[in-house]
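Following: one structure in C-alpha cells, then a few remarks.
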Amino acid sequence: MKELRDWLNDSSIKNTQGRELTYNSIQHLLKNRRYMGEYTYRDIVVPGGIPAIVPQDLFDQVQERMEKNKKALARHKAKDDYLLTTKLFCGYCGAYLCGEGGTSRTGVVHHYYKCVSVKKKRTECHKKPVKKEWIEDLVVRGTMKIVMDDAAIEAIVSMLMDLQSRESSSLPLYEQQLREIETAIQNMLNAIQQGILTKSTKARLEELEATKEELETRIACEKLEKPKISAEFMTFWLHRFHKLDVRQKTHRKMLIDTFINAIFLYDIKMVITFNYKEGTTTITFADFNATLATQKTGSDLDCSTAPNP
Ligand SMILES: [Zn+2]
C-alpha cells in the first residue's frame with residue numbers, strides 16, 4: 001500500500017481535495033466495494049447496482065491479502081478478529097461478551113469471549129468464558145443451516161418485500177394527492193372555460209399549480225431514494241451465500257454481519273436471534289454435540305466439543 005501511495009504521488013495523482021494521497025486513502029480505495037459495482041443505500045446492498053470497474057475475484061484477492069498483512073502486523077492485538085463482538089451477550093446478566101486473549105503456561109495463546117461483568121469482577125455474574133473458535137464455529141454453522149434452507153430464505157424474502165412496501169408507504173399517498181389536485185385543476189379550467197370566473201379563481205388555480213409541482217418533486221425524490229428490489233433479485237442475492245467458504249474469515253464475518261442480530265449465551269445453550277422476523281433459534285450444546293457425533297457429515301468446520309475452556 002505504501003508503494004502504491006508513492007507511485008500515485010510520483011505520478012502527480014491527487015485526491016478529490018487536490019492533496020497528496022495517504023496510506024489511509026489507499027486503504028480506503030482498496031476496500032471500497034463500489035468499485036466492484038456494489039451500491040449501498042442505508043442497510044440495502046445491491047450488488048451490480050452500479051457499473052463495476054474491478055472484478056469480484058480480484059477484489060476478494062485484495063481483501064484477503066490486506067487481511068493477511070493486517071494479521072502479520074498486529075497478530076497479538078487482533079481485536080476485530082473477534083467476529084461476534086457487539087452481537088454476543090451474556091444470557092445471565094445481559095452484558096456484552098468481549099474478546100480476550102490469554103497465554104497458557106506452555107506459551108500458547110488462547111482466545112476467549114468473556115462476560116464483561118465477570119471481567120470487571122461484578123459478583124452477580126458467573127458466566128464461564130467460552131473459546132472463541134468454538135462459539136464462532138457454532139454460530140456460523142447455525143447460520144449456514146438457515147442460509148441453505150430454501151423455506152427460510154423464502155420467509156426472509158417475503159419479509160423484505162413487505163418491509164420494502166411499507167417503507168415507501170408515502171408514495172401511494174402522494175400519488176393519490178396528485179390525482180386529486182389534477183382533477184381540481186381540471187375542474188377549475190372547465191369553470192374558466194364556461195365563463196365562471198371570480199376574483200379568487202386565479203389565486204386558487206395558482207395555489208393548486210404550486211401544490212401539484214411540490215407533489216411531483218416529492219414523488220420524484222421518493223422514487224429516487226427507494227429503488228425497488230424484486231423478490232427474484234433478493235432470492236438470487238441470498239442464494240449467493242450458498243457459495244460462502246466458511247473457512248475464510250471474511251466470508252464468516254459477512255455471514256455473521258448479514259444474518260445475526262444477537263446471541264444470548266448460557267453455559268448449556270445459546271439463543272440466536274436473526275435479522276428477520278421470528279428468526280430465533282435455540283441451540284443446546286448437549287444436543288449440538290450429540291448431532292455432531294451421530295451425523296459425521298464431514299463438514300468444513302472443526303469444532304471442539306467442550307463448551308468450556
Ligand atoms: Zn454475565
Side-chain angles (χ1 to χ4, degrees), residues 43 67 70-71 74-147 152 156 244 246-293 299-309:
D43 290 341
E67 206 57 56
K70 202 165 75 185
K71 251 191 199 156
R75 200 173 293 276
H76 58 284
K77 268 196 211 162
K79 215 169 187 174
D80 54 349
D81 263 3
Y82 290 91
L83 301 180
L84 298 174
T85 308
T86 75
K87 306 251 181 193
L88 195 58
F89 299 90
C90 173
Y92 300 103
C93 74
Y96 274 116
L97 265 75
C98 60
E100 194 178 66
T103 314
S104 74
R105 261 166 264 139
T106 49
V108 185
V109 181
H110 295 283
H111 297 284
Y112 300 105
Y113 283 102
K114 196 175 195 175
C115 171
V116 170
S117 300
V118 174
K119 196 181 165 91
K120 291 188 176 164
K121 299 197 169 56
R122 290 182 199 134
T123 46
E124 73 266 31
C125 192
H126 300 283
K127 173 86 194 79
K128 292 171 190 159
V130 290
K131 274 185 181 161
K132 174 185 176 295
E133 290 303 323
W134 177 81
I135 187 72
E136 286 180 0
D137 281 356
L138 219 57
V139 170
V140 166
R141 274 166 189 263
T143 313
M144 274 315 267
K145 229 177 172 176
I146 300 251
V147 170
I156 293 174
L244 282 190
V246 289
R247 284 163 302 188
Q248 280 190 46
K249 207 194 96 185
T250 49
H251 288 198
R252 289 162 77 91
K253 185 166 166 47
M254 196 197 291
L255 191 70
I256 289 167
D257 288 349
T258 308
F259 290 97
I260 304 288
N261 181 267
I263 303 153
F264 295 92
L265 190 65
Y266 301 82
D267 284 334
I268 51 155
K269 64 168 184 182
M270 68 174 163
V271 178
I272 303 180
T273 61
F274 294 98
N275 275 332
Y276 66 97
K277 206 165 57 179
E278 288 146 27
T280 303
T281 296
T282 302
I283 298 174
T284 55
F285 299 140
D287 281 356
F288 186 77
N289 290 335
T291 37
L292 260 194
S299 175
D300 298 330
L301 289 166
D302 288 316
C303 183
S304 60
T305 45
N308 303 321

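What you see is a predicted model, and the numbers here were worked out from it, not measured in a lab. Each ligand, and each atom within it, is numbered from 1 in the order the structure gives.
- Screening residues 89-99 for salt bridge (Lys or Arg N to Asp or Glu O under 4.0 Å), with sequence neighbours left out, gives no hits.
- The distance from the CD1 atom of Ile263 to the CG atom of Leu138 is 9.5 Å, given to the nearest 0.5 Å.
- Note that Lys127 lies outside the cation-pi zone of Tyr266, set by a 6.0 Å cut-off to the ring centre and a 45° limit from the axis.
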All N/O donor-acceptor pairs, side-chain side in residues 86-101, below 3.5 Å, sequence neighbours left out:
from	atom 1	to	atom 2	distance (Å)
Lys87	NZ	Ile260	O	2.7
Tyr92	OH	Asp267	N	2.9
Glu100	OE1	Lys114	NZ	3.4
Glu100	OE2	Lys119	NZ	2.8

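- The number of protein N, O or S atoms lying under 2.8 Å from the Zn ion (ligand 1) is 4.
- Taking His126 as the reference, nothing meets the side-chain contact (heavy atoms from CB on, under 4.5 Å) condition, with sequence neighbours excluded.
- With Leu255 as reference, Thr143 is the one residue of Thr250, Ile146, Thr143, Val139 to meet the side-chain contact (heavy atoms from CB on, under 4.5 Å) rule.
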